[in-house]
Amino acid sequence: MQCVLPGEQRTELLGLPVAMKHCFYNESVGFFYNNSRKELTTYWRTKDVLVVALGLTVSLIVLLTNLLVIAAIIINRRFHYPIYYLLGNLAAADLFAGIAYMFLMFHTGPRTAELSLKTWFIRQSLLDTSLTASVVNLLAIAVERHQTVLTMQLHSKMSNQRVMILIFCIWATALLLGLIPSYGWHCLCALEECSSMAPLYSRSYLTFWAISNLLVFLLMAVVYAHIFIYVKRKMGRMSAHTSFHPRYRETVVGLVKTVTIILGAFLICWTPGQVVLLLDGLGCKSCNVLAVEKYVLLLAEINSLINAIVYSYRDNEMRNTFRRILCSICYRNPKYTPTAVKPNGADRGGLSLNGHFTVDSSI
């Protein structure tokens, strides 16, 4: 009888030997963890309890803050513009990320060994889909702000229909990338390709996902850098005229702060995780990626909280709406009257960078 390689079977087709890979669809999650040499505990350790407690706390805060953002955008008619629809979709993506991370916390530690392959893939797909939606939405907001600033508009002229199409494309992309592993880009039929961090995922998928997210970050950096350079030059040209509005200087200062927060938060929260995934995907043997995987994932989840703060809480009108919502809840008063829109343009300043007031400088 002819010897066969592990994981393969040989059969005869038209008299020619053909290699057919053997798939392990009926194996347990523990089988793949053992194959990848990833520890699978049967009892709760102190660090497991701490990670779960911290993860659930972060998830709960993410849920509450992003729910507040969505409620504010729905209630206040002054937020019924493309940029705020995108901010609302970002909040929805981050809300979904909070739910996905909370689901992970309830299915991690010793409970991982009890999961079926289907449940394990659902757990990972929820995370991948939500985090991808958040990142792609950040890029969409950057592009929208770029268009608005360069055309000197208060709000984008994008129609509601186009915004809905854009939002649909964001979620379609996120679902595609999140579900691909479940429908074929896994290692159930190629154990030698299994990842260390995600033992049922193919290393090639992790490499693809990490590089894709790093490219998105690079595009965001380029877009925001161009916005800043354009506004700075515009301010320089207009400062030579006596009609120069003092709020332009406030705008640039606010812009620098906002860009620094946006890119800094994204860099700090996302880059470590993407680098770790990339190292795992490339099969780095000397890299102890398993020692930091839980912490880099938690760091990426924290970005969903920071998004709500950077993109929403820096807007004065948004903060006022939050106060009204919270006060109405405290006093059990369901009635809410949005702040009336002033007929003049005194509060708008010259160039809008936040889709609302110039002085807020929230991109």
Side-chain angles (χ1 to χ4, degrees), residues 29-30 32-59 61-62 94 97-98 100-113 115 120-121 123-132 134-135 177-178 181 186-187 193-218 263-307:
V29 169
F32 294 95
Y33 274 66
N34 290 333
N35 174 71
S36 297
R37 294 182 176 83
K38 183 175 182 178
E39 184 180 12
L40 196 60
T41 61
T42 57
Y43 62 94
W44 287 98
R45 299 168 299 182
T46 302
K47 69 174 184 178
D48 295 328
V49 175
L50 291 176
V51 169
V52 170
L54 183 59
L56 289 176
T57 301
V58 171
S59 297
I61 297 175
V62 167
D94 290 334
Y101 197 77
M102 186 172 289
F103 183 84
L104 171 65
M105 291 299 98
F106 284 114
H107 297 82
T108 190
R111 295 175 182 170
T112 302
L115 300 178
W120 190 94
F121 274 114
R123 187 186 76 173
Q124 299 303 124
S125 296
L126 287 174
L127 285 172
D128 295 344
T129 300
S130 60
L131 296 178
T132 301
S134 181
V135 173
L177 293 180
H186 49 63
C187 66
E193 295 295 327
C194 288
S195 157
S196 296
M197 292 177 60
L200 278 70
Y201 275 10
S202 172
R203 291 199 308 270
S204 59
Y205 171 76
L206 293 187
T207 302
F208 167 77
W209 201 75
I211 291 177
S212 298
N213 284 303
L214 291 173
L215 287 176
V216 169
F217 171 71
L218 179 61
L263 298 182
F266 196 85
L267 178 66
I268 293 172
C269 293
W270 276 96
T271 304
Q274 302 310 312
V275 171
V276 170
L277 284 175
L278 185 59
L279 291 174
D280 186 21
L282 295 176
C284 180
K285 301 298 183 182
S286 59
C287 306
N288 190 13
V289 295
L290 297 179
V292 296
E293 64 161 337
K294 294 184 182 297
Y295 305 104
V296 296
L297 179 58
L298 178 61
L299 195 59
E301 177 62 21
I302 291 176
N303 187 242
S304 295
L305 173 61
I306 296 177
N307 286 341

**Request:** Answer yes or no: is there a side-chain heavy-atom contact under 4.5 Å between Leu290 and Glu39?
**Result:** no

**Fill in**
On a heavy-atom basis, the closest approach of Leu40 and Ala113 is CD2-CB, 3.6 Å

**Item:** Separation between CG of Leu218 and CG of Leu214, rounded to the nearest 0.5 Å
**Value:** 9.0 Å

**Prompt:** Ser196 versus Lys38: any side-chain heavy-atom pair under 4.5 Å?
**Reply:** no

**Request:** Work out which heavy atom in Cys187 is nearest to a heavy atom in Glu193; give both atom names and the distance.
**Result:** CB-C, 4.0 Å

**Between Tyr201 and Trp120: side-chain donor-acceptor atoms closer than 3.5 Å** = no

**Prompt:** Rounded to the nearest 0.5 Å, how far does OG1 of Thr57 lie from CE of Met105?
**Reply:** 11.0 Å

**Asked** Going from CG on Leu177 to OG on Ser212, what distance comes out if it is rounded to the nearest 0.5 angstrom?
**Response** 6.5 Å

**Request:** Could you tell me whether the side chain of Leu277 reaches within less than 4.5 Å of the side chain of Met197, counting heavy atoms only?
**Result:** yes

**Request:** May I ask you to test the Cys284-Val289 pair for a side-chain heavy-atom distance under 4.5 Å?
**Result:** no

**Request:** Identify the two heavy atoms, one from Ser134 and one from Asp94, that lie closest to each other, and give their separation to 0.1 Å.
**Result:** OG-OD1, 2.7 Å

**Prompt:** If every non-hydrogen atom of Ser195 is compared with every non-hydrogen atom of Ser36, which pair is closest and at what distance?
**Reply:** O-OG, 2.9 Å

**Item:** Among Thr271, Val275, Val276, side chain to side chain contact (heavy atoms under 4.5 Å, CB included) partner for Val296
**Value:** Val276

**Message:** Is any side-chain heavy atom of Trp270 closer than 4.5 Å to one of Leu299?
**Reply:** no

**Message:** When you compare the side chain of Leu298 with that of Val51, does any pair of heavy atoms fall below 4.5 Å?
**Reply:** no

**Request:** Would you please name every residue forming a ring pair (Phe, Tyr, Trp, His ring centres under 6.0 Å) with Tyr295, sequence neighbours left out?
**Result:** none

**Item:** Distance-only polar pair, side chains of Thr132 and Trp209, donor-acceptor under 3.5 Å
**Value:** yes

**Message:** For Trp44, is there any backbone N or O sitting under 3.5 Å from a side-chain donor or acceptor partner on Asp48?
**Reply:** no

**Prompt:** Of the non-hydrogen atoms in Leu131 and Glu301, which two are nearest, and what is the gap between them?
**Reply:** CD2-OE1, 4.4 Å

**Request:** Starting at CG of Leu104, measure out to CZ of Arg123 and round the result to the nearest 0.5 Å.
**Result:** 5.0 Å

**Request:** Might you work through the side chain to side chain contact (heavy atoms under 4.5 Å, CB included) test for Val135 and Phe217, ending with a clear yes or no?
**Result:** CA-CA 8 Å; Val135 173; Phe217 171 71; over 6 Å; no

**Message:** Using 0.5 Å steps for rounding, measure from the NZ atom of Lys47 to the CG atom of Leu50.
**Reply:** 10.5 Å

**Leu200 side chain near Cys194 side chain, heavy-atom distance below 4.5 Å** = no

**Message:** Any non-hydrogen side-chain atom of Leu206 less than 4.5 Å from a side-chain atom of Leu278?
**Reply:** no

**Complete:** Between the OG1 atom in Thr41 and the OH atom in Tyr33, the distance rounded to the nearest 0.5 Å is 10.0 Å

**Heavy-atom pair with the smallest gap, counting every atom of Thr207 and Leu282** = OG1-N, 3.8 Å

**Prompt:** When you measure from the side chain of Thr129 to the backbone N and O of Leu126, does any donor-acceptor pair fall under 3.5 Å?
**Reply:** no

